[in-house]
Trainee: 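Let me give you the structure first, and then I'll get to my questions.
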There are 2 protein chains.
Amino acid sequence: MGTSLRDVAVLAGVSVKTVSNVVNGYAHVSPATRAKVEEALARLDYRPNLSARNLRQGRTGVIALALPELDAPYFAELSRFVIDAAAEQRWLVVIEQTDGRLERERQILDGVRDHRVDGLIFSPIAIGADELAARTDDTALVLLGERIHDGPADHVAIDNVRAARDITEHLIGLGRTRIAALGAQDSSISGTAPLRLAGYRQAMAAHGLPEIVATVERYHRADGFAAMTALLTGGTGDAGGTEDAGGIEDAGGIGDAGGVGGTGGAGERPDAVFCFNDLLALGAMRAILSSGLRVPEDIALAGLDDIEDGRYSTPTLTTVAPDKSQLAHIAVDLLKQRIDGRAHAPRELRAGYRLMVRESTVPPPAASGR
Amino acid sequence: MGTSLRDVAVLAGVSVKTVSNVVNGYAHVSPATRAKVEEALARLDYRPNLSARNLRQGRTGVIALALPELDAPYFAELSRFVIDAAAEQRWLVVIEQTDGRLERERQILDGVRDHRVDGLIFSPIAIGADELAARTDDTALVLLGERIHDGPADHVAIDNVRAARDITEHLIGLGRTRIAALGAQDSSISGTAPLRLAGYRQAMAAHGLPEIVATVERYHRADGFAAMTALLTGGTGDAGGTEDAGGIEDAGGIGDAGGVGGTGGAGERPDAVFCFNDLLALGAMRAILSSGLRVPEDIALAGLDDIEDGRYSTPTLTTVAPDKSQLAHIAVDLLKQRIDGRAHAPRELRAGYRLMVRESTVPPPAASGR
DNA sequence: CAGCCCGTTTACAACGTTGGAACAACGTTG
DNA sequence: CAACGTTGTTCCAACGTTGTAAACGGGCTG
């Protein structure tokens, strides 16, 4: 092992505790001893053993961030902000991926107790509110991006219902009338899907427009591609493709995702689509373009998440941009309060968002050619 | 704190060590005692305190993965594989971001020594081979994705020179003659940029074609957009845009990146571009398309990394697909060997790659309409 | 039945750190 | 100059775990 306080103490000719005091900036150390100790510290290039410190103090300085998958751009971008926000507290972040699987989510929630981490920021998909409530563990927990009503834990998210309503209103404001929602889910218990769907419904109802709802199994490009293809061909067939290996070439023909249900007059092609996230929208965009239709002229397209891809696609993607930095900071702050033992009733906090109108709903003045 | 071995021992009426033996599956424990202890363990829902175990054993079971930025899709995808590969060793992974800044890289390399992690998988950009060699620390280290010749540490990467040559050959094979390389860097010391440039040069030289090289500062979409715009307008102007907030709207007009140098006849528009990564390619694609030109008819475009975005862009992006899973597994294996103290001379290992030909170089049979 | 072996269990120490009590040195006060 | 407070330093214990060595006890051998 490396050099310990003991080694430094021997070299400096003082006690171990005095060295500890110097290291921790304890006030009452005479300048002379401090100098001696500091020289010894430097000479031996001492580094505290954090395992030992943690054992002693019962803290590890590490938090876990559990999310469905790191290679979904939204989560990658969010992780970046969480890591940065945690760094401000001098915390390290370990990342755990659940793939949205219930079993994994249980395991994460449970595994927190091995004392390796001080707290958990958790973006659940499959697990239900009841199960979360039944948690016996008292490790600090903050939920991110989900809304479990009256949940047992702190929670941060944007106002998904309102955001969905806003963007649907935007599409309506363009004069579109056959506006589809793409991204409803049958299975998801605690997902944001129902919230976004609710927002879409509110807007459609307010204007007396018929609902067209396409469901997907997951939130990948492949699912958006499949569901959009189904919308275009008017059937529930030709869907599937949760597998993304190989990309588009593999999509179509397999699987069972992508049901489409219209309230009235299903069969006519939609003239606008609100996708519940940007990945779905990019998959859908590809499906529209490769069917020979134009975006936005034939079909206006909007997403939600504001991932970077959507700022460079052709056309660029209109979307809702959650304030990811704010989300991360709020989550870390809440967690810090829990860890520090400042117990409150579970809180629901909202982060802001902005509507980003881009070419997929409103073409630039000079239609093409920069 | 939670329940400890001690608590369990008291309940089961045995010594602490016996409980420890049961927990660790030590062979010589009588069935009767084992049963008693196991019941007590279950009743108290015991979880080992890993801080203590680590202190005792000098291992933390945590490794660090340091990379430039998590929100670059290539690194996000790679991280996913590293986390999964580490999980097979029952390791957790903390992620550190360097933003490619030298100071951060130094800090990471140095900070490893606080005993919080057993090893480090490091994807450096700025730091030089000399500095790496001068490292006094002996914590396990594996370099990922860089090639520091005769470096002081284990190293995994694909054969960048050959991959770049292959893809350039592919472009040449299409009959293109004015093929640009986009992604050279002035500053990067240890980056892959020089290797990819070398591969490009080998291929061009072999066919007697003139080189056209565009430099960038970083590897983001904005840089690709700016550099491509410069290539199209034939000047070195209108570049910049390392900042990616706000997307394309902000790119152009600011900054100083994007020099273009041709060996002969610069000024004519290239008919193919090999971008040193997919993000650059996607930025470049957007620049080409919004200038009114077509991909691949007017300009064929290829990238490197095989990020998922390129499988759904319009047109889809021809690229080199490194075997990310293999990269991750090799890195983790090498690290494991180091951590286990099996010392070898530093090793250079290669992961495989595949050329993925897509629409951006070869349009599908039925040019449009699925 | 002494001696021995072997399987099982325990006591002890140690990993490196820090909180708290104890203690020493020193200057101040009455 | 005794009592006292302040400042600086040390000693001890403890965090929870596991390696080592030793103790225990039962069955077998000689």
Trainee: Does B:Ser30 make a side-chain N or O approach to OP1 or OP2 of C:dT9 shorter than 4.0 Å?
Mentor: yes
Trainee: Students often get this wrong, so: under 4.0 angstrom with heavy atoms, is B:Ser4 touching a base, only sugar-phosphate, or nothing?
Mentor: sugar-phosphate
Trainee: Could you check whether A:Asn54 gets within reach of a base, just the sugar-phosphate, or nothing at all, counting any heavy atom under 4.0 Å?
Mentor: nothing
Trainee: Tell me the interatomic distance from A:Leu41, atom CG, to C:dT17, atom P, rounded to whole angstroms.
Mentor: 10 Å
Trainee: Once you apply a heavy-atom cut-off of 4.0 Å, does A:Thr33 come out as touching a base, just sugar-phosphate, or nothing?
Mentor: sugar-phosphate
Trainee: Got more than 12 heavy atoms from elsewhere within 6.0 Å of CD, B:Glu103?
Mentor: no
Trainee: A:His28 has an atom NE2; how far is it from atom C1' of C:dA24, in whole Å?
Mentor: 16 Å
Trainee: List the atom of A:Ile339, the atom of A:Arg59, and the distance in Å for their closest heavy-atom pair.
Mentor: O-NH2, 3.3 Å
Trainee: Taking any heavy-atom pair under 4.0 Å as a contact, classify B:Val16: base, sugar-phosphate, or nothing.
Mentor: base
Trainee: Would you mind reading off the distance between A:Arg59 atom CZ and C:dG19 atom P, rounded to a whole angstrom?
Mentor: 12 Å
Trainee: Given atom CG of A:Asn21 and atom P of C:dG16, what is their separation to the nearest angstrom?
Mentor: 19 Å
Trainee: C:dT18 C1' sits how many Å from A:Tyr26 OH, rounded?
Mentor: 12 Å
Trainee: Salt-bridged, B:Asp110 to A:Arg47, with N to O below 4.0 Å?
Mentor: yes
Trainee: B:Leu55 has an atom CG; how far is it from atom P of D:dG16, in whole Å?
Mentor: 12 Å
Trainee: In the structure shown, which nucleotide is the Watson-Crick or G-U wobble counterpart of C:dG30, with both distances under 3.5 Å?
Mentor: D:dC1
Trainee: What integer distance in Å separates B:Tyr46:OH from D:dT17:P?
Mentor: 3 Å
Trainee: Under 4.0 Å between a side-chain nitrogen and a carboxylate oxygen: does that hold for A:Asp99 and B:Arg80?
Mentor: yes
Trainee: Within the pair A:Thr18 and D:dT10, is there a side-chain N or O less than 4.0 Å away from OP1 or OP2?
Mentor: yes
Trainee: Can you find a side chain N or O atom of A:Asn24 that sits less than 4.0 Å from OP1 or OP2 on C:dT18?
Mentor: yes
Trainee: Atom CG of A:Asp7 and atom P of C:dA14: how far apart are they, to the nearest Å?
Mentor: 15 Å
Trainee: Are the charged groups of A:Arg218 and A:Glu69 less than 4.0 angstrom apart, N to O?
Mentor: yes
Trainee: Partner lookup for C:dC12, please. Criteria are Watson-Crick or G-U wobble with both distances under 3.5 angstrom; report none if nothing qualifies.
Mentor: D:dG19
Trainee: For the side chain of A:Lys17, starting at C-beta, report the closest nucleotide among D:dT17, D:dC15, D:dC11.
Mentor: D:dC11
Trainee: Relative to the 5' end of DNA chain C, which residue comes earlier, B:Ala27 or A:Ala52, by the nucleotide with the nearest heavy atom?
Mentor: B:Ala27
Trainee: Among C:dT18, D:dT18, C:dT17, which nucleotide has an atom closest to any side-chain atom of A:Asn49?
Mentor: C:dT17
Trainee: Between B:Glu38 and B:Arg43, does any side-chain N to carboxylate O distance fall below 4.0 Å?
Mentor: no
Trainee: So for A:Arg53 and C:dT17, does any side-chain atom that can act as donor or acceptor lie under 3.5 Å from a complementary atom in the base?
Mentor: no
